[in-house]
S.K.: 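Questions regarding the structure given below will be posed in turn.
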Amino acid sequence: VGEMFHPAPKIPMATPDFQLPELSLNPAPAPEPVMAFDKAPSDGPTSTPTVTQPYGELSPGLSGTGVQAHHLNQDAAYGSVVPTDQGLTLPRPGNAITDVGSPHFDAHATKEGFWNQFREGGAREGEVPTTGEDLQNTHTSLINAGVPEATAKQAVQEAGAQLQQYGLSPTDPVPRVPGRLNQVKP
C-alpha cells in the first residue's frame, strides 16, 4: 500500500472512566496499524498514538483511493451530538453500500444487524440501545471488518472518550436509531 497519507496528528483525548461489558476502555498498548496510513506519531515513549482521525481531516485525503473514512460513532446515530467533521474515523477499504465483501461494507453489515434489532419488526423494536451497547457492537463490527483486536479496542476506547467529551456516558441512550443503509445484497 505504501505511505499514501500523512500520519494522524495526536488528538488529546480524556481517559474514559467507564468500561463496557467484556471490553475495557482503559488505554491499551499501541496497536499494529491496520494499514500503513493508520500509524500515528507518538509524542514520546510514554504516550499511546491515536489510531483514529476526525472525519474532516481523514476523508479529503481519501478521495479517489477506494478507501473511505468509517465513522466509529455512526454519524446517523450521533450527528446531533458529535459534529460530522469531528466524528472519529478509521480508513476502511471499499464502499460501505456497494462493495460487497470489502472491509468497509462488512463493518456496516455488522452495524446494520445491530440496528435492525431496534427498527420496525426487530426483537427490541421501540427500544433505544445505550451508547455502551453500540460501542460494543462497533468493536464487533471492526473485528468482522478485519481490524486487529488491539487496534479495534483502542479505536473503540477513543470513540468512547469522544462520546464522553460530548456529554454521553455508556448508560445514556444513543441519540437516534439510524434508518436502514440499504446495502446491496451479497
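Quick caveat: nothing in here was measured; it's all calculated off a predicted structure.
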S.K.: What I want to check is whether the side chains of Glu158 and Thr52 have a donor and an acceptor closer together than 3.5 Å.
M.R.: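 Per modelled atom types, Glu158 and Thr52 side chains form a pair under 3.5 Å.
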S.K.: Please say yes or no: joined through hydrophobic side-chain contacts below 4.5 Å, possibly via intermediate residues, are Val156 and Tyr166 part of one cluster?
M.R.: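 Shared cluster, yes.
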S.K.: Do Phe118 and Leu163 sit in the same hydrophobic cluster, where Ile, Leu, Val, Met, Phe, Trp and Tyr count as joined when their side-chain heavy atoms come under 4.5 Å apart?
M.R.: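 Per the 4.5 Å side-chain linkage, Phe118 and Leu163 are co-clustered.
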S.K.: Looking at every heavy atom in both Pro54 and Asp85, which two are closest together, and how far apart are they?
M.R.: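 Answer, listing the atom of Pro54 first, then Asp85: CB-O, 3.4 Å.
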S.K.: How about OH on Tyr55, more than 12 heavy atoms from neighbouring residues, nucleotides or ligands closer than 6.0 Å, or not?
M.R.: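 No, OH of Tyr55 has 12 or fewer neighbouring heavy atoms, counting only those of other groups under 6.0 Å.
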S.K.: So, the side chain of Arg119 versus the backbone of Gly179: is there a donor-acceptor pair under 3.5 Å, distance only?
M.R.: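 Here the side-chain-to-backbone pair exists.
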S.K.: So do Trp115 and Val174 actually touch side chain to side chain, heavy atoms under 4.5 Å?
M.R.: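 Yes; the side chains approach each other to less than 4.5 Å.
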S.K.: Run the salt-bridge test on Asp106 and Arg92 with the 4.0 Å N-O cut-off and return the result as yes or no.
M.R.: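 Result for this pair is no, no salt bridge flagged.
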S.K.: Given 3.5 Å as the limit, does a donor-acceptor pair link the side chain of His71 with the main chain of Thr84, or not?
M.R.: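 Present.
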S.K.: Check the side chains of Ser169 and Thr171 for a donor-acceptor pair under 3.5 angstrom, ignoring hydrogens and angles.
M.R.: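 Their side chains do contain a donor-acceptor pair, which is all the 3.5 Å distance test asks for.
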S.K.: Can you tell if the side chain of Ser80 reaches within under 4.5 Å of the side chain of Pro175, non-hydrogen atoms only?
M.R.: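 Result yes, sub-4.5 Å side-chain heavy-atom pair found.
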S.K.: Can you confirm whether Leu181 sits close enough to Lys111 that some side-chain heavy atom of one is under 4.5 Å from a side-chain heavy atom of the other?
M.R.: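 No; the side chains remain at least 4.5 Å from each other.
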S.K.: Could you check whether Arg180 pairs with Glu120 (Lys NZ or Arg NE/NH1/NH2 to Asp/Glu carboxylate O, under 4.0 Å)?
M.R.: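 Between Glu120 and Arg180 there is no salt bridge, as every charged N stays at least 4.0 Å from the carboxylate O atoms.
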